[in-house]
Amino acid sequence: MESNRKDKVVFTQPKVFAERMEAAKILVERLHYKAPVAIDSMDNLADTAFSAWPERLYVLAAGGRVIYKGGMGPFEFEPEEAEKALAAHLGQSVAIATPTPPVAPPG
């Protein structure tokens with residue numbers, strides 16, 4: 001992705017867990033990622049357990065209980081639904097922003 005090249009955030013596939021940890025550290029510290037980050041083991045147990053491919057969102061409660069399992073992307077990829085499920089689990093309300101359509105430049 002062009003933005004990744006500009007920000008110099010391009011990685012080779014990690015071969016050891018320390019490389020995965022370093023990539024996560026860059027995500028959190030350099031790119032200011034705010035959500036909690038979990039790092040899968042090198043045998044990809046979480047990836048295998050949740051089958052989050054091609055794109056899928058899960059929301060887990062304490063203890064690992066699944067409280068939201070999204071549909072497979074790209075057509076059933078609904079981040080807003082995951083956000084609502086998390087907010088409901090936390091007993092909070094959430095306001096989902098509606099994207100503003102782009103405006104053509106004058107001329």
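Only heavy atoms go into these numbers, but all of them, side chains included; no hydrogens, no water, no symmetry mates.
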Residues that [X] engages under side-chain contact (heavy atoms from CB on, under 4.5 Å), provided they are two or more places apart:
X     : value
Ala23 : Phe11
Ala88 : none
Ala85 : Tyr68
Val16 : Ala18, Glu19

How many angstroms lie between atom [atom1] of [X] and atom [atom2] of [Y], to the nearest 0.5 angstrom?
X     : Y     : atom1 : atom2 : answer
Ile67 : Leu90 : CD1   : CG    : 7.0 Å
Glu22 : Glu29 : CD    : CD    : 8.0 Å
Lys69 : Leu60 : NZ    : CG    : 12.0 Å

Query raised in the report: Can you hop from Phe75 to Tyr58 via hydrophobic side chains spaced under 4.5 Å?
Result: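 Looking at the clustering, Tyr58 is in a separate group from Phe75.
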
Query raised in the report: Do Leu45 and Met42 share a hydrophobic cluster (ILVMFWY, side-chain heavy atoms under 4.5 Å, transitive)?
Result: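 Leu45 does not cluster with Met42.
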
Query raised in the report: Can you list the residues that meet the side-chain hydrogen bond (donor to acceptor under 3.5 Å, both in side chains) rule with Ser41, with sequence neighbours excluded?
Result: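 Only Asp43 meet the side-chain hydrogen bond (donor to acceptor under 3.5 Å, both in side chains) criterion with Ser41.
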
What are the two closest non-hydrogen atoms of [X] and [Y], and how far apart are they?
X     : Y     : value
Ala82 : Leu57 : CB-CD1, 3.9 Å
Phe77 : Pro79 : O-CD, 3.5 Å
Ala24 : Val37 : CB-CG1, 4.1 Å

Query raised in the report: Does atom CZ of Phe17 have more than 12 heavy-atom neighbours from other groups under 6.0 Å away?
Result: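 Yes - once you tally the heavy atoms of other residues, nucleotides and ligands closer than 6.0 Å, there are more than 12.
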
Report task. Please say whether more than 12 non-hydrogen atoms of neighbouring residues, nucleotides or ligands are located less than 6.0 Å from CE in Met21. Result ->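 No, the 6.0 Å shell around CE holds no more than 12 heavy atoms from other groups.
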
Query raised in the report: With side chains defined as the heavy atoms from C-beta onward, is the minimum distance between Asp40 and Phe50 less than 4.5 Å?
Result: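 No, their side chains stay 4.5 Å or more apart.
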
**Report entry** Lys84 side chain near His89 side chain, heavy-atom distance below 4.5 Å
**Finding:**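 Of all side-chain heavy-atom pairs linking His89 with Lys84, none is under 4.5 Å.
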
**Report entry** Test side-chain contact (heavy atoms from CB on, under 4.5 Å) applied to Gln13 and Arg20, step by step
**Finding:** CA-CA 9 Å; Gln13 183 65 33; Arg20 282 193 177 180; 4.2 Å; yes

